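These notes are about the structure you will find just below.
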Amino acid sequence: MKAEPESRFENGIDVRFSIDDLRAREKPEGWDGIRAYAARNHMRNMNAGDKAFFYHSNCKEPGIAGVMEIVKEFSEDKSARRPGTPYYDPQSSKDNIRWSLVHVEFRKKFAVPIGLKELRELGKPGGPLENMMMLKQGRLSVSRVSAEEWKALNEIADEKAKEAGLKHEMTKLVK
DNA sequence: GCCAACGTTGGC
DNA sequence: GCCAACGTTGGC
């Protein structure tokens with residue numbers, strides 16, 4: 001699941017959301033603003049307890065930043081009904097709900113992120129990510145990760161942390 | 001239901 | 001800021 005970690009203003013509102021922002025949240029975060037049907041449908045298929053990678057996009061160093069958990073299954077994305085805000089969709093109404101979100105919670109920030117370049121290397125023919133949806137449909141902001149891909153990526157993240165002599169950050173930020 | 005035009009995403 | 005890739009819209 002992708003979000004933009006660097007500030008960008010739309011209708012005067014900053015759409016930035018990084019893994020550190022999620023880490024600082026004290027309540028489950030609604031993953032709002034998804035406006036592509038394929039991405040929405042992936043969220044509708046998620047179950048509470050599922051895990052997801054937090055991907056930093058449209059930034060200096062795009063890549064997987066960590067792990068979160070789906071803590072609440074899909075419900076209406078009400079940001080579609082707020083005129084003047086970045087995710088407003090005039091075609092969405094109370095009687096015709098087009099967009100959904102799931103609620104997520106922070107679980108882990110990788111000590112060393114897995115960059116897009118590395119993901120592409122792993123996605124070459126014969127590599128562990130050769131079928132990864134995110135690499136095939138680069139513009140989809142929510143895509144599926146297979147069990148094998150999930151395992152491989154977590155192992156790679158653990159290895160990178162070890163090499164760097166660092167530990168993943170596993171706890172919420174406390175103010 | 002096809003498909004051209006248009007809009008958006010996101011890496012660079 | 002450019003622009004390729006691709007999703008969405010709407011005319012027919």
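Chain letters run A, B, ... following the sequence lines, proteins first and then strands; every chain starts at 1. Owing to the predicted nature of the structure, the values given are computational and were not obtained by experimental measurement.
Whole-Å rounding puts the H56(A) NE2 to dT9(B) C1' distance at 17 Å. To the nearest angstrom, P of dG10(B) lies 9 Å from CZ of R8(A). Across the protein-nucleic acid pair, L135(A) atom CG and dG11(B) atom P stand 11 Å apart, rounded to whole Å. The interatomic distance linking M1(A) (CE) with dT9(B) (P) rounds to 16 Å, in whole Å.
Using a cutoff of 4.0 Å between basic side-chain nitrogens and carboxylate oxygens, R23(A) and E169(A) are scored as salt-bridged. Salt-bridge formation is not detected for the pair E121(A)/K117(A): no Lys NZ or Arg NE/NH1/NH2 atom is positioned less than 4.0 Å from an Asp or Glu carboxylate oxygen. Here D89(A) pairs with R98(A) in a salt bridge; the nearest charged N to carboxylate O distance falls below 4.0 Å.
You'll find the side chain of L101(A) reaches within 4.5 Å of the side chain of S75(A), heavy atoms only.
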Check step by step if side chain to side chain donor-acceptor pair (under 3.5 Å) holds for R44(A) and S100(A).
CA-CA 7 Å; R44(A) 288 187 175 184; S100(A) 305; 2.9 Å; yes
Between R8(A) and D14(A), is a salt bridge (charged side-chain N to carboxylate O under 4.0 Å, His left out) present by the stated rule, with each step listed?
CA-CA 5 Å; R8(A) 188 169 65 80; D14(A) 193 352; over 6 Å; no
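The stretch residues 111-121 of chain A comes close to DNA chain B through L116(A), R120(A), each having a heavy atom under 4.0 Å from the strand.
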For nucleotides 5-7 of chain B, tabulate all protein N/O to nucleotide N/O atom pairs closer than 3.5 Å, reporting atom names and distance.
unit_1	atom_1	unit_2	atom_2	d
dG7(B)	N2	R139(A)	NH1	3.4

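When heavy atoms are screened at a 4.0 angstrom cut-off, R98(A) is found touching the sugar-phosphate backbone but no base atom.
An OP1 or OP2 oxygen of dG10(B) is reached within less than 4.0 angstrom by a side-chain nitrogen or oxygen of K2(A).
Distance alone, capped at 3.5 Å, places no donor-acceptor pair between the D158(A) side chain and the E155(A) backbone.
Along DNA chain C, the nucleotide closest to L140(A) and the one closest to N58(A) are compared, and the more 5′ of them pairs with N58(A).
In summary, the side chains of D95(A) and S93(A) do not present any donor paired with an acceptor at a separation below 3.5 Å, with no hydrogens or angles considered.
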